[in-house]
Amino acid sequence: MKEQETEDIKILLLAIGNSGRGDDGLGWKLGDLIAESGFKEVSVEYRYQLQVEDAQFITHYDAVIFSDATEQQNEKGFSFSKCIPANTYYYSSHRQSPETVLYLSNELYGKFPEAWILAISGYNWELGEGLSEHAEQNLNKAFFALQGILESHIRTTVPETVE
Amino acid sequence: MTQKITIDPVTRVEGHGRVTIHLDEYGQVKDSFFHIVEFRGFERFIQGHPYWEAPVLVQRLCGICPVSHHLAAAKAIDQLVGIDPENLSPTATLLRRLMHFGQMFQSHALHFFYLASPDLLFGVDAPAEKRNVVAVAEANRDLAIKGITMRKFGQEIIKAVAGKKIHGILAVPGGVHKTFSQEERDYFLDGKNIESIDTMIEWSMGMIDFIKSYHEANHKFLDEFASFPSGHLGMVRSDGAMEMYHGKLRAVDFEGNCTLDDISTDEYQEYFLEAVAQWSYMKFPYLKNLGRDKGWNRVGPLARINVCDYIPTPLAEKARQDFIAFTGKKVNNSTMFSHWARLIEILHSAEIMREILLDPELFGNDLVRKGEPRYKGIGIIEAPRGTLTHHYEVDEKGMITKCNLIVSTTHNNDAMNNAVKWVANNVISRKGHVTDGMLNQVEVAIRAYDPCLSCATQALGKMPLKAELYSHKGELIDERTRN
C-alpha cells in the first residue's frame with residue numbers, strides 16, 4: 001500500500017468499452033457515474049480499447065483505474081485488483097492489456113503510476129445501446145464500491161484487491 | 001486424408017477473422033478461405049433512426065476508424081439536407097478535411113508502427129513473442145516513441161476539431177458545429193507543447209527512407225510475397241490528383257488500363273454490384289461491366305498510388321516518383337508495397353495538415369448551410385484502409401429506411417483471399433507440416449491490407465488465437481491456441 005496526500009494525487013479512471021455493443025458499455029457507464037460524482041482528483045477518459053500511446057498518457061497520473069466489462073462472472077458482479085506491469089501482449093493491436101500498457105510506460109518513459117483493474121461482469125455483447133438488467137446491477141455494485149474506495153481509501157491507502 | 005487448418009482469429013488485424021486452409025492427403029493446398037465472422041447487421045440496426053443521428057451512431061461501428069465513418073455518413077447526410085460537397089462552406093470543408101487527414105495520419109501510424117513493423121524488423125519467421133509492439137519497444141525505443149508521438153499528433157488534431165479523440169462530433173447536417181481558433185492552430189505549429197507539424201513531416205520522410213533501405217535489403221521478399229494481379233480502385237480529383245475527401249472514382253486493371261473512368265460518387269450503384277459467399281458474412285464488391293471474377297479491386301494506399309496521376313503535395317509526390325522509379329512499374333501488384341504506399345500517404349497527410357493549418361479560411365464563421373431536402377444521400381471518402389461508402393435513404397419524417405455501407409475491408413475481401421491463397425500455395429503446400437512461422441505469413445499477407453473487421457466489442461477475456469486441424473471427415477486432429 002502507498003500513502004499520499006490528497007492535494008498531491010492525480011487519479012485517472014480510464015474507462016474502456018463501447019456503449020453501442022450492449023454490456024460492453026459497462027466501463028464507460030462507470031466512467032459517466034464517477035465523472036458526475038464530482039471527485040475533483042479524478043479525471044475520466046474513455047477508450048474503445050487501450051492503445052500503446054496510453055502508456056505515455058498514464059505517466060501524467062499518480063494512480064490509474066482501468067474499468068472495463070468482462071465476460072468472466074464474479075459472485076460480487078465485479079472484481080477490483082491490483083494491476084501488475086507485464087510484458088505480455090495481445091495479438092490484436094487494438095487491445096493492449098492494462099498490464100502491457102503499464103509495462104510500456106516504464107520501458108519507454110521510465111515511470112508508471114500505481115494501477116488497478118475494475119472489471120464488471122457483462123452478459124450481452126450485441127449491437128444496441130443499453131445494459132442488460134443483470135449488468136446494470138453489477139454496475140451499481142461496482143460504482144458503490146469504487147465510491148467507497150475513492151472516498152475513504154484512495155486519499156490515504158488503496159487496498160490491493162476488493163472481492 | 002484432407003486436413004483443414006484454422007487460424008481463428010487472425011492476429012493483429014482490427015477485429016475477428018478466421019483463415020482455413022484445406023490440405024489434401026499429399027499435404028498440398030486444396031483450397032483456402034479468409035472468413036469474416038464479425039459483421040453484425042449495422043445497416044439494419046440503424047433503420048428507423050432519424051438521419052441526423054447517423055454520423056454519431058456509425059462511430060460505434062469501430063474503435064479504430066470512427067472518424068472515417070463519421071465523415072462518410074456526414075457527406076451522405078449533407079445531401080439529405082440538400083447540400084452537395086461543392087456547396088459546403090469553405091471553413092466547414094477545411095475543418096472536415098483537417099479531421100480526415102488527422103485520422104489518416106494516426107491510423108497509418110498505428111498500422112505501420114504497431115502492426116507492420118514487428119514483421120519487418122524481426123522477420124516473419126521470428127517467434128510469436130517477438131512479433132509484437134512490446135518487442136519493438138524493447139528493441140528500438142526511439143522508433144516506438146516516434147510511432148506513439150506521430151499517432152498522438154493525429155489524435156490531437158482530431159480532438160482539436162471534434163472535442164474528443166473518440167466519439168468527437170464535428171460534422172452536423174450541412175456543415176460543422178465548431179469554429180477553430182488561432183490558438184488551437186498554433187498548438188500544432190509552434191512545437192511548444194507537442195512536436196510540431198514540421199517535425200511530423202520530417203519524421204514521415206525519415207520513415208520513407210527507412211522503407212527504401214529495407215527494400216534494398218529485402219527486395220525479393222517485398223516484390224514477390226503475396227503478389228498477384230488485380231484491379232485497383234480509388235478517388236481522384238478532376239485533374240487526376242490523389243484525393244481523399246471528395247472526388248471521382250477511378251479504377252485500373254493490373255496493367256494500368258482504365259476500368260472505371262472517373263465517375264461521380266453519386267453514381268456508384270450504376271457501376272458496382274456486391275456478391276455474397278456462403279462462408280463469409282462480408283460481401284464481395286465488383287465492377288458490373290467486368291463481372292464477378294474480373295471486376296474486383298484492391299483499395300487503400302497501394303490502390304490510391306496506382307490510380308492517381310500525381311500527389312498534390314510536393315514531398316509526397318517526390319516520394320511517389322521514387323516509388324514508381326524503384327519498382328519500374330506503372331501499376332504495382334505486390335501486396336507488401338502497401339506498407340511503402342502507406343508511408344507515402346503519412347507524408348502526404350502531414351503536408352496537407354500543414355497547408356490547412358496555414359489557411360486563414362480555417363478560422364471562418366460560415367459553418368452550416370441548408371438546401372432543399374432530399375430522400376437519398378451518398379457519401380464516399382477514401383478512408384485509411386480504402387474507399388468507404390455510406391448510402392442512406394429516408395422517409396418524409398427523416399427516418400432512415402435504407403442503409404448500405406461498403407467498407408474498405410469489404411472491397412479488399414477478394415484481395416485478402418488471394419493473398420492467403422498465395423501464401424498457402426507458396427509457403428505451406430507440400431511442406432508436410434505447418435510451422436508457427438508459416439501461419440504467421442498468412443497473417444502478414446492479410447495484415448498488409450490493414451483490415452478492420454467491425455471490431456469494437458472486445459471485452460476483457462476475448463480474443464485468443466486458435467489453430468485447428470481437421471480431418472476430411474471434420475474430425476479435430478490437432479489444435480493450437482495462443483493466449
Side-chain angles (χ1 to χ4, degrees), chain A residues 16-28 45-57 66-73 79 86-98 100-101 103-110 117-122 124-129, chain B residues 9-16 40-42 44-46 57-64 66 106 109-111 113-115 128-129 131-138 141 144-145 147-152 155 164-167 443 452 454-465 482-483:
Chain A
I16 308 157
N18 181 355
S19 61
R21 288 288 178 105
D23 293 346
D24 202 15
L26 275 165
W28 286 7
E45 290 281 335
Y46 299 84
R47 298 284 187 272
Y48 279 111
Q49 302 98 6
L50 289 176
Q51 300 275 355
V52 178
E53 62 268 19
D54 288 318
Q56 192 264 345
F57 184 66
F66 298 98
S67 72
D68 198 353
T70 181
E71 282 189 313
Q72 290 177 3
Q73 301 309 308
S79 66
N87 66 343
T88 54
Y89 57 93
Y90 279 88
Y91 285 93
S92 167
S93 69
H94 59 169
R95 191 176 165 256
Q96 299 300 327
S97 71
T100 304
V101 167
Y103 175 83
L104 287 169
S105 288
N106 192 44
E107 189 71 22
L108 296 172
Y109 302 101
I117 299 171
L118 177 50
I120 310 169
S121 298
N124 167 42
W125 315 99
E126 297 303 315
L127 275 173
E129 299 216 336
Chain B
V10 173
T11 64
R12 277 187 285 134
V13 297
E14 305 305 344
H16 279 197
R40 293 185 179 172
F42 197 88
R44 177 107 185 134
F45 167 77
I46 202 168
L57 286 176
V58 294
Q59 292 187 84
R60 265 68 168 182
L61 272 168
C62 176
I64 298 299
Q106 67 90 9
L110 178 150
H111 183 268
F113 288 103
Y114 302 176
L115 307 183
E129 59 270 22
R131 297 192 304 259
N132 60 81
V133 72
V134 173
V136 173
E138 289 170 341
R141 184 171 172 272
I145 289 178
I148 287 174
T149 308
M150 289 174 77
R151 181 164 150 82
K152 189 182 171 192
Q155 289 184 314
K164 296 178 189 173
K165 288 177 188 170
I166 59 168
H167 281 188
E443 296 162 359
C452 183
S454 186
C455 61
T457 193
Q458 275 60 269
L460 290 172
K462 302 182 93 173
M463 204 89 177
L465 177 75
R482 299 171 187 158
N483 270 316

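Computed from a prediction, not measured in an experiment: that's the story for all the values here.
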Which is it for A:E107 and B:E138 under the side-chain contact (heavy atoms from CB on, under 4.5 Å) test, yes or no, and what are the steps along the way?
CA-CA 7 Å; A:E107 189 71 22; B:E138 289 170 341; 3.7 Å; yes

Any chance you could measure B:F113, atom CZ, to A:E53, atom CD, to the nearest 0.5 Å?
12.0 Å

Let me confirm one number: the CD-CD distance from B:Q106 to A:Q51, rounded to the nearest 0.5 Å.
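Result: 8.0 Å between the selected atoms.
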
So, the part of A:L108 with a heavy atom under 4.5 Å from chain B: the answer is both

